[in-house]
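Counting starts at 1 for both ligands and their atoms, following the listed order.
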Amino acid sequence: MQKMWIGGRWVGSSSRKSFAIDNPATEEILDEVPRANGKDADLAVEAAAEAFRDWRGVPGIERAALMHDFASRLRAKARAVARQLTLEGGKPLIENLDEVEWCAACFDYYGELARDQGGKVISPVFRHQVNFVRKEPYGVVVAIVPWNYPLLLLTWKLAPALAAGNSVVIKPSNETPLSTLMLAEDLAIFGKGVVNILTGFGTEVGDPLVVHPDVALIAFTGSIATGKAIAAAAAPHLKKLNLELGGNDPFIVCDDVDLDVAARGAAWAAFLNMGQVCTSGERFYIFESVFDEFVKKFVAVTRKLRLGNPLGPDIDCGPLIREAHRKQIEATIEEATSQGARVLCGGRRPPQLRKGFFFEPTVLVGVTQKMSIMRSETFGPIAPLVPVKGIEEAVRLADDSSYGLGANIFTNNLEHAMYAMENIHAGTFWINDPLTDNDAGPFGGMRMSGMGRELGIEGLDAFREPKHVHMDYRIEAKPYWYPYRWNSIKKDD
Ligand code: NAD
């Protein structure tokens, strides 16, 4: 039985209730964690608010040293943390080793970025005036995190929030809190109460955190439905919000590329982490002149994907996160096939894997833009392939969406690439290079895929607010103060 981390101490829930965390690859119970409620939320926010008073004043160079120290600790226990991520989340170990390293690198990046600049000096309006902008932390930040990249999506909030001088209350997903709890004692280096971790469910502890009067900002990654619920709950309190929400990313393949390479890139974009990536390729628009050949190659790559226990070697894909999600994927495919779509491969539970929430990567054709599979995020291993006449049709269909998280194109034709880039709403646009991230550049969604950005300087500014300071270093009465000199106005004015 695990405990939560509040004010630098391990504590149980005030309700004394707990819940089980299972392994999606084996369906075995891994551990129990406390089921936090509003009272626990109060305690965590109180601890964070108390810690903020000191933490906000810690000089940037000291903060950076602590962030580098934390990154080293993370690297030192990378294998154990990656194993825990695999056990609770089902991603292959090889992907989780990457995830841990990306987190460490992100802490290094923000430690230095925040140390480098804390605002700017601007040109004054008058002589003797000094104008500068100080970027200040908000105070207590709540980080609400999903299960698909439990530590990476936490880090994209935690690292810039700490670098900016905020204290933080973390609410990991109720599916994957164990890897976050593993880091609690390493996070203690930032000071008692600077980082707190509450385990529990969205409505029971997430909601009380969102509406808590001492919480200044909510940084959330998750579904659009939860994002809307959080925005509605936060609105009466005018809370600051960063929302990273769902996507339904288009993927265009033009007729001028090496189709073997495009098929491999497209399969990786579709099936990485069983399609449980916010920027998974979810809709594939292929030039009709190469459609049949591409489909053949794409299906061949997909058939070769090796499913199995994500801890084991020589596998490419693990399970889905839970049984309910698997059922939802099955229902989505059933709806599409009932409307005329055809399954070319996959579309079923792998018969050789009886335990665990496994599902075969699935390729569909005969899909139309009107089907809900093309209009809503599936968040699963389904790749619908659609032929298009050329770049205009591809771009029109790709942009025909209420989402705007990411978009992909495979082409060597510069004009096609730029035309697509300019005309598709997407926070990230990938040309021949699907799903890469770069800590130094912003990540986030247009349209309903989100508000605000993570990563880059934008992701640091999301956790600090500007204060414009006006100062005159010579005290003297200003000519524009009272009494007004009416005789200075020209007669005809
Ligand atoms: P989710 O919305 O169900 O849950 C996300 C988090 O919100 C969890 O910690 C959950 O406990 C909490 N929560 C739920 N209800 C809440 C409430 N009323 N108040 C406060 N907190 C609440 O999402 P999920 O199933 O964990 O993750 C999958 C979704 O996340 C997909 O839609 C995916 O696209 C999205 N996602 C987006 C990004 C991005 O960066 N844009 C990245 C990864 C995942």
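Put simply, the side chain of Arg348 does not reach to within 4.5 Å of the side chain of Thr362, judged on heavy atoms. Put simply, the side chain of Phe463 reaches to within 4.5 Å of the side chain of Asn242, judged on heavy atoms.
Closest to atom 40 (O) of ligand 1 among all protein heavy atoms lies Phe443 CE2, 3.2 Å. Annotation: atom 12 (C) of ligand 1 to nearest protein heavy atom, Ile144 CG2, 3.6 Å. Considering only non-hydrogen protein atoms, atom 42 (C) of ligand 1 sits nearest to Cys278 SG, 2.9 Å. Here the protein heavy atom with the shortest distance to atom 41 (N) of ligand 1 is Leu245 O, 2.7 Å. Of the protein's non-hydrogen atoms, the one nearest atom 33 (C) of ligand 1 is Phe379 CE1, 3.3 Å. In terms of protein heavy-atom proximity, atom 34 (O) of ligand 1 is closest to Glu377 OE2, 2.4 Å. Looking at atom 22 (C) of ligand 1, its nearest protein heavy atom turns out to be Gly202 CA, 3.3 Å. Among all protein heavy atoms, the one lying closest to atom 8 (C) of ligand 1 is Val145 O, 3.4 Å.
No hydrogens or angles considered: a donor-acceptor pair under 3.5 Å links the side chains of Ser14 and Asp40. A donor atom on one side chain and an acceptor atom on the other are not found under 3.5 Å apart for Gln2 and Thr199. Looking only at atom types and distance, the side chain of Lys91 has no donor-acceptor partner in the side chain of Asn273 under 3.5 Å away.
Ligand 1 has no nitrogen or oxygen under 3.5 angstrom from a nitrogen or oxygen of Ser449. By the 3.5 Å distance cut-off applied to N or O atoms, Lys171 is counted among the residues near ligand 1. Taking any N or O of Ala229, backbone or side chain, none lies under 3.5 Å from an N or O belonging to ligand 1. In terms of polar-atom proximity, Asn148 is not counted as a contact of ligand 1, lacking any N or O under 3.5 Å from an N or O of the ligand. Among the atoms of Ser223, some N or O lies under 3.5 angstrom from an N or O of ligand 1. At under 3.5 Å, a nitrogen or oxygen of Trp147, whether backbone or side chain, sits near a nitrogen or oxygen of ligand 1.
The atoms of ligand 1 that sit less than 4.0 Å from any heavy atom of Gly206 are 19 (N), 20 (C), 21 (N). Within the listing of ligand 1, atoms 41 (N) sit less than 4.0 angstrom from a heavy atom of Leu405. Numbered from 1 in the order shown, with element, the atoms of ligand 1 that lie under 4.0 Å from a heavy atom of Ile230 read 19 (N), 20 (C), 21 (N). Atom numbering of ligand 1 starts at 1 in the shown order; those under 4.0 Å from a heavy atom of Ser173 are 9 (O). Under a 4.0 Å criterion applied to the non-hydrogen atoms of Phe220, ligand 1 contributes the atoms 2 (O), 5 (C), 6 (C), 7 (O). Against a heavy-atom cut-off of under 4.0 Å, Asn174 is close to the following atoms of ligand 1: 11 (O). Shown in contact with Thr221 at under 4.0 Å from a heavy atom are these atoms of ligand 1, numbered in order with element: 5 (C), 36 (N), 37 (C), 38 (C), 39 (C), 40 (O), 42 (C), 43 (C), 44 (C). Numbered from 1 in the order shown, with element, the atoms of ligand 1 that lie under 4.0 Å from a heavy atom of Asp207 read 19 (N), 20 (C).
Ion pair Arg283/Asp249 not flagged as a salt bridge, since none of the NZ, NE, NH1 or NH2 atoms sits closer than 4.0 Å to an Asp/Glu carboxylate oxygen. In summary, Glu136 and Arg464 do not engage in a salt bridge, as defined by a charged side-chain N under 4.0 Å from a carboxylate O. No salt bridge links Lys135 with Glu465; every basic N to acidic carboxylate O contact stays at or beyond 4.0 Å. The pair Arg349-Glu323 counts as a salt bridge, with a side-chain nitrogen and a carboxylate oxygen less than 4.0 angstrom apart. Taking a cutoff of 4.0 Å between a charged side-chain nitrogen and a carboxylate oxygen, Arg447 and Asp399 qualify as a salt bridge. Of the charged side-chain nitrogens involved, at least one lies within less than 4.0 Å of a carboxylate oxygen, so that Lys77 and Asp186 count as a salt-bridged pair.
Not a single donor-acceptor pair under 3.5 Å links the side chain of Ser372 to the backbone N or O of Arg375. Using a distance-only test at 3.5 Å, with no hydrogens or angles considered, a donor-acceptor pair links the side chain of Ser280 to the main chain of Val277. Within the 3.5 Å criterion, the main-chain N or O of Ile321 finds a donor-acceptor partner in the side chain of Gln276. Between the Glu27 side chain and the Gly356 main chain, a donor and an acceptor come within less than 3.5 Å of each other.
The option with the heavy atom closest to atom 3 (O) of ligand 1, from among Thr226, Ile170, Thr199, is Thr226. When the options Ala232, Pro146, Gly222 are ranked by their closest heavy atom to atom 35 (C) of ligand 1, first place goes to Gly222.
Counting heavy atoms closer than 4.0 Å to ligand 1, residue Leu153 contributes side-chain atoms (C-beta onward) but none from N, CA, C or O. At a heavy-atom distance under 4.0 Å, no atom of Gln276 approaches ligand 1. Neither the backbone nor the side chain of Ala225 comes within contact range of ligand 1; no heavy atom lies under 4.0 Å. Proximity of Tyr149 to ligand 1, defined as any heavy-atom pair under 4.0 Å, is not found for any part of the residue.
Within the structure, ligand 1 has Pro172 among the residues with a heavy atom less than 4.0 angstrom away.
Heavy atoms only, all atoms of each residue included: Lys3 and Val11 are closest at CB-O, 3.3 Å.
To the nearest 0.5 Å, atom OG1 of residue Thr428 and atom CG of residue Asp437 are 7.5 Å apart.
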